[in-house]
Amino acid sequence: MFTVLPRLRKAMRPLAALTAAGILAACDPITTAGLGGASSNAGGAAIQVGAPVPVALLVPKSDSGAAPVANSLENAARLAMAELDGVEIDLRVYDTSGQAAQAASVAQQAVDDGAKIILGPLFSEAANAAGAAVADENVNVLSFSNTTAIAGGNVFILGPTFANTADRLMAHARKQGKKRIVVVYSDDVPGQFGKLAIEQAATVNGIQVVSSEGYQLSVPGVSAVAQKAAAAVSSGQADSIFITTDATNAAMPMLLNQLPENGVTPGQVQYVGLTRWDVRPDLFTLPGAEGAWFAIPDVQRQDAFNQRYASKYGTAPHPLAGLAYDGISAIGMLAKRGKSDALTGKSLTSAGFTGTGGVFRLLNNGVNQRALAVASIQNNQMVILDPAPSSLSGTGF
């Protein structure tokens, strides 16, 4: 069980919660923890070598919309604990209710109770608030978010990022001789972030962005962007078209029909998706899908985790559950080294880990890098063109 710290800090907790709530009301999201990608190497609580590692899991258990995800994350964390060899985790679970102010409060409570590292929360605002609340406690936060804006300082993000995916796909495109791309993006927050990630990855990999075309989610909006993208492909002699749209979005089937209708023909122009198209097998038969590329985790490792989880809990894990497993696995691996500084930023960023979707690592700016495979759609089926690397020095990093 966690060690309980003096009553003074507990008495001050309500005041801290009110302060956090005031900050959150004034600015959404806050960036105290992120600080624009500040280095994460400095801090981190010391652990007692050989003793159980006190870990706090922050999840939105009482949030009706996210409660199933919270349950799956907790199950995955406990599955990882059971599979650790030579390391014991002392896990306590705290309910954030899916709210930033509550996340800040329970993060402080967890540290008061003796937690040496925090796993979670799920939502970016909650993760940022939790990190800010315990920054002065020298405790790191491994959040389930994929929002890079909150990363840095004592906050790390475990969720897969657009930047990581875009770089993997752009590096593959460069190796296949692709030189000029057109970006089609939804004119909303995810689309804007996806567009930026693609443009940055193109610059790093020496590929020219001929044009970036945004659209509003409507039939006229998609029709208009298909025409604009086709014109940009023709005038700029682009060899690839990169689509940010999530595969589950209603615009995706329209794009994969209308882009070819406007002359963007697969075989002449390479289609690339920023999100996983394998979650929508019904897309595979559409005209724009044949030969398209997208990135996915290591399928064999993912399937193995899914099977172990289902065997233990009698149901399939939520797609995000593996993030909790990865976090516990990383903590366990570092603690097994037998050093009191196992959970400092320096230690967290000095090693590579094997997760549910393959190898990954945490970077100094709080973001992560994950090994990804490049998949394609061929004859209405998904095939792996370039497997996920099995080490951090391999292709895909």
Side-chain angles (χ1 to χ4, degrees), residues 162 165-187 191 194-195 197-199 201-203 205-296 372-386:
F162 282 157
T165 302
D167 190 63
R168 173 63 165 122
L169 290 166
M170 207 65 72
H172 181 77
R174 182 191 61 197
K175 291 182 179 179
Q176 301 306 311
K178 306 303 179 184
K179 297 179 180 179
R180 293 172 295 277
I181 68 167
V182 169
V183 181
V184 171
Y185 66 97
S186 54
D187 195 8
K195 168 181 171 289
I198 293 167
E199 291 173 344
T203 298
N205 287 281
I207 293 177
Q208 178 187 356
V209 177
V210 173
S211 177
S212 293
E213 306 292 343
Y215 69 89
Q216 297 292 329
L217 181 55
S218 65
V219 172
V222 173
S223 297
V225 83
Q227 295 172 11
K228 290 179 181 178
V233 168
S234 176
S235 64
Q237 299 182 334
D239 50 37
S240 305
I241 184 162
F242 214 129
I243 302 173
T244 70
T245 309
D246 190 280
T248 61
N249 192 291
M252 182 60 87
M254 290 190 285
L255 287 168
L256 295 183
N257 276 308
Q258 294 193 34
L259 284 167
E261 289 175 2
N262 282 275
V264 185
T265 307
Q268 296 178 333
V269 177
Q270 178 64 54
Y271 281 65
V272 188
L274 184 60
T275 66
R276 293 180 61 172
W277 291 11
D278 59 312
V279 300
R280 284 279 306 273
D282 59 301
L283 298 177
F284 292 5
T285 61
L286 299 180
E290 180 65 20
W293 299 339
F294 53 93
I296 62 173
L372 299 172
V374 176
S376 180
I377 299 168
Q378 297 180 6
N379 299 319
N380 300 337
Q381 294 185 347
M382 184 183 77
V383 298
I384 303 299
L385 296 180
D386 190 9

Item checked: side-chain hydrogen bond (donor to acceptor under 3.5 Å, both in side chains) against Y185, all qualifying residues, sequence neighbours excluded -> none

Check: Should L283 and P253 count as side-chain neighbours, where that means a heavy-atom distance under 4.5 Å?
Finding: yes

Next item on the list: Could you tell me which residues satisfy side chain to side chain contact (heavy atoms under 4.5 Å, CB included) with V272, sequence neighbours excluded, listed by chain and number?
Entry: L169, F242, Q270, W293

Notebook entry, point to check: Taking atom CD of E199 and atom CD of Q208, what is their separation to the nearest 0.5 Å?
Noted result: 12.0 Å

Margin query: Listing request: all salt bridge (charged side-chain N to carboxylate O under 4.0 Å, His left out) pairs with a residue in residues 281-296, at least two apart in sequence or in separate chains.
Written below: R280-D282

Margin query: Applying side-chain contact (heavy atoms from CB on, under 4.5 Å) to R174 and I207, what does each step give before you reach the verdict?
Written below: CA-CA 7 Å; R174 182 191 61 197; I207 293 177; 4.1 Å; yes

Check: So which heavy atom on M170 is nearest to which on N205, and how close?
Finding: CB-ND2, 3.6 Å

Next item on the list: Could you list the residues that satisfy side chain to side chain contact (heavy atoms under 4.5 Å, CB included) with A292, not counting sequence neighbours?
Entry: Y271, W277

Note to self: Using modelled atom types and a 3.5 Å cut-off, is there a donor and acceptor pairing between side-chain atoms of T265 and backbone atoms of Q268?
What the structure shows: no

Next item on the list: Provide the full list of salt bridge (charged side-chain N to carboxylate O under 4.0 Å, His left out) pairs with a residue in residues 222-250, sequence neighbours left out, each pair given once.
Entry: none

Next item on the list: State which residues pass side-chain hydrogen bond (donor to acceptor under 3.5 Å, both in side chains) with T244; sequence neighbours excluded, sorted by chain then number.
Entry: none

Next item on the list: Write down the atom of N257, the atom of P287, and the distance for their closest heavy-atom approach.
Entry: OD1-CD, 3.1 Å

Note to self: Testing the basics here: between A295 and L372, what is the closest heavy-atom pair and its distance to 0.1 Å?
What the structure shows: CB-CD1, 4.0 Å

Notebook entry, point to check: For the atom pair CZ (F294) and CG (L385), what is the distance rounded to the nearest 0.5 Å?
Noted result: 9.0 Å

Next item on the list: Quick one: pull up OG1 in T203 and CD1 in I198 and give me the separation to the nearest 0.5 Å.
Entry: 12.0 Å

Notebook entry, point to check: Does any N or O in the side chain of T275 come within less than 3.5 Å of the main-chain N or O of T245, such that one atom is a donor and the other an acceptor?
Noted result: yes

Margin query: For R168, is there an ion pair with D386 - N to carboxylate O distance below 4.0 angstrom?
Written below: yes

Item checked: Test log, rule side-chain contact (heavy atoms from CB on, under 4.5 Å), inputs R276 and T165 -> CA-CA 10 Å; R276 293 180 61 172; T165 302; over 6 Å; no

Item checked: I243 versus M252, closest heavy-atom pair with distance -> CG2-CE, 4.2 Å

Notebook entry, point to check: Do you know the tightest heavy-atom contact between V210 and A232?
Noted result: CG1-O, 3.8 Å

Next item on the list: List for me each residue that meets side-chain hydrogen bond (donor to acceptor under 3.5 Å, both in side chains) alongside S223, sequence neighbours excluded, and say none if there are none.
Entry: Q258

Notebook entry, point to check: How would you list all residue pairs meeting salt bridge (charged side-chain N to carboxylate O under 4.0 Å, His left out) that involve residues 177-187, not counting sequence neighbours?
Noted result: none

Check: What is the minimum heavy-atom distance between S218 and M254, and which atoms define it?
Finding: O-CE, 4.5 Å

Next item on the list: Taking the side chain as every heavy atom from C-beta outward, state whether V209 and S212 have any pair of such atoms under 4.5 Å apart.
Entry: yes

Next item on the list: State the OG-CG distance between S186 and N249, to the nearest 0.5 angstrom.
Entry: 6.5 Å

Check: Which side-chain hydrogen bond (donor to acceptor under 3.5 Å, both in side chains) pairs, counting each pair once, include a residue from residues 372-381, with sequence neighbours left out?
Finding: none

Notebook entry, point to check: Could you go step by step and tell me if L255 and V222 meet the side-chain contact (heavy atoms from CB on, under 4.5 Å) rule?
Noted result: CA-CA 7 Å; L255 287 168; V222 173; 3.8 Å; yes

Next item on the list: Would you please name every residue forming a side-chain hydrogen bond (donor to acceptor under 3.5 Å, both in side chains) with S240, sequence neighbours left out?
Entry: none

Next item on the list: For A229, check side chain to side chain contact (heavy atoms under 4.5 Å, CB included) against everything at least two apart and list the hits.
Entry: V182, V184, I241, L259

Checklist line | With sequence neighbours excluded, residues passing salt bridge (Lys or Arg N to Asp or Glu O under 4.0 Å) with E213 | finding: none

